[in-house]
Structures are given as structure tokens and as C-alpha cells.
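Both ligands and their constituent atoms are indexed starting at 1 by order of listing.
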Amino acid sequence: MLDANATLAVYGPCMGKPRRILTVFGTRPEAIKLFPLVHALERDPRFVSRVCVSGQHRGMLDQVLAISGVTADHDLDLMQPDQTLDGLTAALLTGLGRVMDVEQPDWVVVQGDTATALAGALAAYYRRIPVAHVEAGLRSGDIHHPWPEEVNRKAIGAIAALHLAPTETAAAALLRENCDPARVHVTGNTVIDALHWITGRIAEEPGLASGLAELEQRFAGKRIVGVTSHRRESFGGGMTSIASAIRRIADRSDVAVIFPVHLNPNVRTVMHEALAGLENVALIEPLDYPHFARLLGIATLMLTDSGGVQEEAPALGKPVLVMRETTERPEGIAAGTARLVGTDADRIVSEVTRLLDDPAAYAAMARAHNPFGDGLNAGRIADLLASA
Ligand code: UD1
Ligand code: UDP
């Protein structure tokens with residue numbers, strides 16, 4: 001394991017010189033959770049902020065770059081259709097390493113548990129550049145759920161010199177793995193900063209989120225079930241089962257499903273085959289962040305396997321049924337806003353039905369909580385990066 005103190009002694013910046021921070025990301029959720037930090041670093045004279053996007057995602061990443069105004073200094077543009085984990089990771093490792101050789105940063109920042117985050121941390125470690133891990137310490141305890149993210153984040157945890165845990169639960173997991181307590185900090189989750197920022201932008205410019213108006217009119221009077229799904233461990237049987245549950249839910253005349261479909265072909269093919277053309281189902285392209293915030297606002301409930309949505313929903317008091325066997329985000333469950341329902345069609349249908357038909361069950365879940373921080377989380381991370 002990296003000796004963080006030795007690394008800092010060799011690579012730490014001179015006193016008074018701004019720290020060069022290379023922020024590395026490549027997918028939609030990383031971009032959403034890191035744009036508040038990039039904004040904070042850019043306006044802070046203690047830093048020189050550089051951004052490298054891997055392009056692990058393309059369209060879904062570009063949507064976030066466009067709305068947040070973040071410009072990449074480097075764009076590896078790596079995405080391939082239906083990319084494999086090993087092909088992607090190999091390309092990431094060499095591509096990100098080359099950028100680090102050019103940039104010579106004092107710190108590399110990665111977020112979460114994607115292939116880009118893992119390769120970014122590993123390339124930095126190979127150059128003895130200290131790594132700050134945003135959203136550190138999430139653990140499901142099962143290396144196959146979510147797959148491959150549980151191993152990615154554990155490996156990043158073994159490398160990181162600064163662990164920025166979103167919650168006390170995440171910090172406790174890191175301490176159980178013998179991380180140096182002086183290097184583990186509870187910061188909140190920057191997704192809340194992102195949500196506040198986007199809500200503010202929509203308030204200034206309502207047109208940013210008005211593109212769902214036609215669907216809202218088509219489904220007027222119905223209760224909206226918002227759906228997202230993309231987990232690799234659900235490809236095949238899990239996805240088919242989710243699709244069949246949605247079909248049954250959409251049989252109800254008082255319900256409409258709005259489902260922005262992930263661009264992964266393993267999701268799209270199944271969902272389009274099973275659900276295209278149904279009267280009460282809108283299969284739509286991935287929404288940009290303002291429109292997704294609008295969907296969270298108008299939905300009666302969310303049915304999802306997303307990590308980020310499990311964090312946004314409690315802040316908005318929106319019930320979330322999580323189509324996974326386990327979660328690394330127990331806070332939403334503890335707060336009562338989220339419930340694990342797995343991918344079995346009967347279970348999904350019965351849990352959705354319960355929420356739709358039992359006002360007491362619905363009211364018990366539809367309460368806003370703040371387990372992921374106050375929206376000032378990126379500023380805390382910047383302060384830690386300045387003083388580490
Ligand atoms: C990735 C992350 C996952 C994260 C998810 C967020 C890994 C291993 N997986 O999974 O942790 O939760 O992003 O969405 O890092 N595609 C496009 N355009 C895009 C994005 C994806 O066409 O903008 C298609 C491509 O065919 C691509 C495929 O989706 O090959 C899979 O993308 P990939 O990033 O490998 O996996 P995700 O399932 O998106
Ligand atoms: N999101 C979005 N548009 C969509 C679906 C999701 O902007 O059509 C946002 C959502 O608000 C959350 C993030 O994307 O912040 C979650 O991304 P995803 O589910 O792809 O990844 P995960 O969080 O599971 O890693």
C-alpha cells in the first residue's frame with residue numbers, strides 16, 4: 001500500500017505555490033458529482049485546476065459538461081460501442097498515465113467506483129502522485145453486487161492518500177479496513193451540491209427543464225413512475241425481469257412510466273423490445289441533468305438501480321425502490337426513503353403497487369432527509385485538498 005506520508009514528502013507542492021489538481025472522470029455520475037468541486041477549485045487561488053475526461057461515456061458525459069460549463073483540458077475520447085471492461089480499463093490506464101506525465105499534478109482527484117476512477121488512481125499510484133478519493137468508503141460487502149464497482153472502490157481505497165467519505169457510515173467502513181484515521185474525512189456527498197446548483201439554475205432559467213412539458217400533458221392526471229436501469233450485474237435475466245415488471249405496472253390506467261433509457265445497448269435492446277409503443281410508457285433518451293431533476297420532481301416514485309438516484313431522492317423526499325439485491329448506500333434505507341426490491345418482477349410489481357395503493361405506506365417513505373450533507377460539500381473537499 002502507498003505510504004501516504006512518504007508520497008506527500010516527495011510530491012507535495014512548495015509552500016505558497018498553488019497546488020496543481022488534476023481531476024479525472026469519464027462517466028455521467030462522476031461528472032455530476034465532480035462539477036461542483038471543479039467549480040470550487042477553479043475559483044480558488046490556492047489551486048491550479050486541470051480536468052481530464054476519459055470519455056468512458058460520450059453523449060451522457062457531454063450533457064453534464066455542457067450544463068455545468070466545465071471544460072476539459074484533456075479528452076481521451078475512449079468510448080467504444082458495447083465496450084468490454086478489460087479493453088476499456090487498458091485504454092484508460094495508458095491514456096490517463098500519459099496525461100499525468102504531461103500535467104505533473106500535485107494531486108489526482110477521482111470519484112466513486114468506475115473504471116475511469118480505478119485506472120486514474122492506479123496511473124497516479126504508478127507515478128507516486130497522491131490520490132484524493134471523493135465518495136470514498138461505500139461498501140456493499142459483496143464483490144459481485146454491484147459489479148465491478150465494489151472491487152474498483154476497494155482498490156482505490158488501498159491507493160488513496162485522502163479518503164473523502166460522504167457519510168459517517170462510509171468513514172467507518174474505511175477505518176475497519178485500517179485506513180489512517182487522519183486521512184479519512186466526512187465531507188458529505190457532492191451530488192447534493194450538484195442538485196442545489198442545478199435547482200438554482202432552473203429557477204433562474206426555467207426553460208432549461210421545460211422539455212418534458214409534452215409528456216407531462218400526455219400523462220396529465222396519472223401518477224408518474226420514473227425509471228432508470230443500467231447495472232451490469234443485471235444484464236440478461238435481470239433486465240428482462242425489470243422490463244416485464246414495468247410492463248405490468250404500466251397496465252394500470254392511473255400510472256405512466258417515464259424511462260430515460262441508458263445508452264448501453266445491453267439495456268436499450270431489452271427495454272425497447274419489451275416496452276416500445278405501450279400507451280402508458282415513455283421510453284426516452286437519457287435526460288440532461290436539469291430535465292432529470294424535473295423528472296425527480298414530478299415522479300410519484302422512482303424505480304431505479306442507480307447509485308446517484310438513491311442519494312438525490314432522500315434529499316427530495318421522493319420514495320425510491322432500488323432494483324438491486326444489496327446497496328452500498330444504507331442511508332436512504334435507514335432514512336426510510338429507499339427500499340431494496342431486487343430484480344424479481346413479482347416483487348417489483350408488488351412493492352410499486354403497495355406504494356401506489358396504500359397512502360400510509362407512501363407517506364412513510366415520502367419524507368425529505370439529508371443523510372448526504374448540506375450542499376457545501378465541495379468546499380469542504382477543497383479545504384482538505386489545500387491543507388493535506
Ligand atoms: C458505467 C460504470 C458504472 C456507472 C455507470 C453510470 C464502469 C465499469 N461502469 O457503466 O459504474 O454506474 O457508468 O452510468 O465504470 N454508451 C453510449 N454513450 C454514452 C455512454 C454509454 O453509447 O454516453 C454505451 C456504449 O455502447 C458503451 C456502453 O454504453 O460501450 C457501456 O458504457 P460503460 O461506461 O462501459 O458502462 P456503463 O454501463 O455505462
Ligand atoms: N441522471 C441524469 N439523466 C438521466 C438519468 C440519470 O442526469 O437520464 C443523473 C441522476 O440524476 C444521477 C446520475 O445521473 O445524478 C446517476 O447516474 P447513473 O444512474 O448513470 O449512474 P450511477 O449513479 O448508478 O453510478
Side-chain angles (χ1 to χ4, degrees), residues 25-36 53-68 77-89 91-92 110-120 135 138 146-153 156 189-195 197-199 209 211-212 226-235 239 258-269 282-297 299 302 304-313 315-316 318 320 322-324 327-329 372:
F25 55 93
T27 65
R28 169 173 66 194
E30 294 166 276
I32 288 173
K33 291 170 172 180
L34 284 173
F35 82 67
V53 300
S54 67
Q56 175 178 337
H57 282 176
R58 191 69 276 167
M60 288 159 52
L61 170 70
D62 292 344
Q63 284 180 321
V64 187
L65 294 176
I67 187 69
S68 64
D77 198 20
L78 287 180
M79 195 193 83
Q80 298 292 324
D82 203 7
Q83 56 208 1
T84 59
L85 289 176
D86 43 8
L88 170 66
T89 306
L92 284 165
V110 298
Q111 195 281 338
D113 48 24
T114 66
T116 294
L118 172 66
E135 198 180 273
L138 273 59
W147 176 78
E149 289 79 6
E150 178 78 355
V151 163
N152 288 353
R153 57 198 174 209
I156 299 168
N189 195 314
T190 51
V191 76
I192 304 301
D193 306 36
L195 197 56
W197 188 86
I198 210 68
T199 308
L212 293 178
V227 180
T228 77
S229 181
H230 69 83
R231 300 251 34 99
R232 264 178 203 264
E233 65 272 16
S234 299
F235 290 173
M239 282 289 155
I258 300 185
F259 185 172
V261 185
H262 194 286
L263 293 177
N264 195 318
N266 296 288
V267 182
R268 294 179 83 76
T269 310
L283 291 182
I284 57 177
E285 294 302 306
L287 291 168
D288 67 11
Y289 199 37
H291 284 99
F292 195 76
R294 173 76 187 164
L295 176 58
L296 286 170
M302 295 299 298
T304 187
D305 57 19
S306 163
V309 177
Q310 289 178 65
E311 296 154 346
E312 292 159 337
L316 299 169
K318 202 58 75 169
V320 190
V322 182
M323 298 185 290
R324 297 194 194 182
T327 184
E328 63 284 61
R329 293 166 169 91
F372 298 104

Could you tell me whether the side chain of Q56 and the main chain of T116 form a donor-acceptor pair under 3.5 Å?
-> yes
Test item: R28 side-chain N/O and V64 main-chain N/O as donor-acceptor pair under 3.5 Å = no
Residue and atom name of the nearest protein heavy atom (relative to [atom]), distance in Å to one decimal:
| atom | value |
| --- | --- |
| atom 36 (O) of ligand 1 | R232 NH2, 3.3 Å |
| atom 24 (C) of ligand 1 | L263 O, 3.6 Å |
| atom 30 (O) of ligand 1 | Q80 O, 2.6 Å |
| atom 12 (O) of ligand 1 | H230 CE1, 2.9 Å |

Between H230 and D305, does a side-chain contact (heavy atoms from CB on, under 4.5 Å) hold up when you go through it step by step?
-> CA-CA 7 Å; H230 69 83; D305 57 19; 3.9 Å; yes
Ligand 1 contact on [X] by region, counting heavy-atom pairs under 4.0 Å:
| X | result |
| --- | --- |
| P286 | neither |
| L85 | side chain |
| S306 | neither |

Closest heavy-atom pair and its distance - E135, E311 = OE1-OE2, 3.5 Å
Does any part of the side chain of [Y], heavy atoms only, come nearer than 4.5 Å to the side chain of [X], both counted from C-beta?
| X | Y | value |
| --- | --- | --- |
| D288 | I67 | no |
| H57 | Q63 | no |
| H262 | M60 | yes |
| F259 | S229 | yes |
| T190 | L34 | no |
| Q310 | R324 | yes |
| P260 | F292 | yes |

Does R58 have any salt bridge (charged side-chain N to carboxylate O under 4.0 Å, His left out) partners at least two apart in sequence or in another chain, and if so, which?
-> D62, D75, D77
Those residues that, when tested against D113, pass salt bridge (charged side-chain N to carboxylate O under 4.0 Å, His left out) (two or more places apart) | R153
Sequence neighbours excluded, which residues qualify as side-chain contact (heavy atoms from CB on, under 4.5 Å) partners of A313?
-> K318, V320
Quick one: which of E149, Q83, E30, R268 has a heavy atom closest to atom 32 (O) of ligand 1?
-> Q83
Of the choices M79, R28, R153, which has the non-hydrogen atom that lies closest to atom 18 (N) of ligand 1?
-> M79
Enumerate the atoms of ligand 1 whose separation from the nearest heavy atom of [X] is less than 4.0 angstrom.
| X | answer |
| --- | --- |
| M60 | 19 (C), 20 (C), 23 (O) |
| D82 | 25 (C), 26 (O), 27 (C), 30 (O) |
| A115 | 7 (C), 15 (O) |
| G59 | 23 (O) |
| H57 | 1 (C), 6 (C), 13 (O), 14 (O), 20 (C), 21 (C), 23 (O), 34 (O), 37 (P), 39 (O) |
| Q56 | 1 (C), 2 (C), 7 (C), 9 (N), 15 (O), 33 (P), 34 (O) |
| R231 | 12 (O) |
| R58 | 19 (C), 23 (O) |

Measuring from N152:CG to L85:CG, what's the distance to the nearest 0.5 Å?
-> 8.0 Å
At a heavy-atom distance under 4.0 Å, which protein residues reach ligand 2? Sort them by chain and number, would you?
-> R28, P29, I32, H230, P260, P286, L287, Y289, F292, S306, G307, G308, E312
Ligand 1 to N264 polar contact by distance, N or O atoms, under 3.5 Å | yes
